[in-house]
Amino acid sequence: MAILDSKHHALIQALLTRGPLSEKEVKFIFKTVCENNADVSESAFYDYIGRINKELDFVQFEARAGRNQYDGEIYYGVVNKVADEHAKLGTQYSLPQIAFFKAVIEAILQDQSGKGKISNIEALNIRLDSQVKQESQGDPGQVPLAFKQFSMAQKEKTLEDLLKNRWLCTTEEGKIGLGIRAFLELRSLFKNLDVPFCDICNEAGIKAELCQNEECSVRMHDYCLKRKFQHPQVARVCPSCGTNWDCSGLNTEVPDLNQAIPSQDSLRIPHVAKRQRSSRVFRR
């Protein structure tokens, strides 16, 4: 059994009190607490995270790494491994608030343009009817009183709290997108909703570029595209149908593209077997 000491406790405490932290911040904490240890290499860092996870596993928690799909940055957070979303949100939000949050997520995932965002007005106008069948214990056609009484003011307050707690985020365009906590903790929900995956990294393609061929379901994250097409000798075509990929909006000259993106194994992210492409398209 792995034994944790003050060096490990420092990171756990930081993640629990401050929420998800960027990889840069997490590595700064690691190097600070290990300042008297000569080994602060990448392998030592992943061993450090691995020891923490061996202990957290007993209480169904995990120090997990994941990307924010809106800026491509890697973040770490302590997440609840229990699949039920109510177990993740139930201690902080009411049943109507959770239903509202799930409805907002579904609206974001149904963005057929792959931008992964909706407007504030669209979010506030979401009705909870679609969630009634999932939440109601009685007649599916009967709307619970708490749902009926969920006012516009309550929706605004719930959105504010979800943004503050980083379940949602405000995009550069001022729209509402998924927050880093959603990317870290709600992977099972993305799978259940059949969110199309990125052809390169095999993660849910919520904020992604779509192949221009309407009959092709391939989509790739912006940061994955940059890595794939940064070399001039690489053909800029869809890996599935061969359609030319418009890279006019990509800045492939960004210096940090040369920095290797850590693999799932090195980040301690459980490997997910690549699924067959689905032609399913979300429709309202």
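Keep in mind the model is a prediction, meaning the values are calculated, not measured.
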Item checked: Spacing of CD1 belonging to Ile121 relative to CD1 belonging to Ile126, to within rounding of 0.5 Å -> 11.5 Å

Notebook entry, point to check: Should Phe150 and Leu128 count as side-chain neighbours, where that means a heavy-atom distance under 4.5 Å?
Noted result: yes

Next item on the list: Considering non-hydrogen atoms only, spot the tightest contact between Tyr70 and Lys115 and give its length.
Entry: CE2-O, 4.0 Å

Note to self: Within the structure provided, determine whether Asn125 and Met152 are in side-chain contact (heavy-atom separation under 4.5 Å).
What the structure shows: yes

Margin query: Looking at Glu160 and Lys164, is any side-chain nitrogen of the basic one under 4.0 Å from a carboxylate oxygen of the acidic one?
Written below: no

Check: Taking side chain as C-beta onward, heavy atoms only, is Pro196 less than 4.5 Å from Ser217?
Finding: no

Margin query: Using a 3.5 Å distance criterion without hydrogens, assess whether the side chain of Gln69 forms a donor-acceptor pair with backbone atoms of Lys207.
Written below: yes

Check: If you look at every heavy atom in Ser41 and Ser43, which pair is closest and at what distance?
Finding: OG-OG, 3.1 Å

Next item on the list: For the residue pair Thr243 and Val218, establish whether any side-chain heavy-atom pair is separated by less than 4.5 Å.
Entry: no

Next item on the list: Without swapping roles, check the side chain of Asn53 against the backbone of Ala63 for a donor-acceptor pair under 3.5 Å.
Entry: yes

Check: Mind checking whether Phe45 and Phe30 have parallel, tilted or perpendicular rings, split at 30° and 60°?
Finding: perpendicular

Note to self: Tell me every residue that passes side-chain hydrogen bond (donor to acceptor under 3.5 Å, both in side chains) with Lys31, counting only those two or more places apart in sequence or in another chain.
What the structure shows: none

Item checked: Set of side-chain hydrogen bond (donor to acceptor under 3.5 Å, both in side chains) partners for Ser119, sequence neighbours left out -> Glu122

Note to self: Ring of Tyr223, cation from Arg67 - is the NZ or CZ under 6.0 Å from the centre and inside 45° of the axis?
What the structure shows: yes

Margin query: Could you tell me if the side chain of Leu11 sits less than 4.5 Å from the side chain of Tyr76, heavy atoms only?
Written below: no

Next item on the list: Could you tell me whether Arg236 and Asp246 have a side-chain N and a carboxylate O separated by less than 4.0 Å?
Entry: no

Note to self: Do the side chains of Glu185 and Arg64 get close enough for a salt bridge, i.e. N-O under 4.0 angstrom?
What the structure shows: no

Item checked: Glu173/Lys117 salt bridge by N-O under 4.0 Å criterion -> yes

Next item on the list: Would you give the length of the straight line joining atom NE2 of His9 to atom CD1 of Ile52, rounded to the nearest 0.5 angstrom?
Entry: 8.5 Å

Margin query: Suppose we screen for side-chain hydrogen bond (donor to acceptor under 3.5 Å, both in side chains). Which residues come up paired with Ser113, at least two apart in sequence or across chains?
Written below: Asp111

Notebook entry, point to check: Do the side chains of Gln60 and Lys81 get nearer than 4.5 Å, heavy atoms only?
Noted result: yes

Next item on the list: Taking all heavy atoms of Asn213 and all of Cys241, pick out the closest pair and write down the distance.
Entry: ND2-SG, 3.6 Å

Check: Within a strict 4.5 Å, meaning less than it, do heavy atoms of the Leu168 and Phe101 side chains meet?
Finding: yes

Checklist line | Pairwise distance CG(Leu124) to CD1(Ile176) - rounded to 0.5 angstrom | finding: 7.0 Å

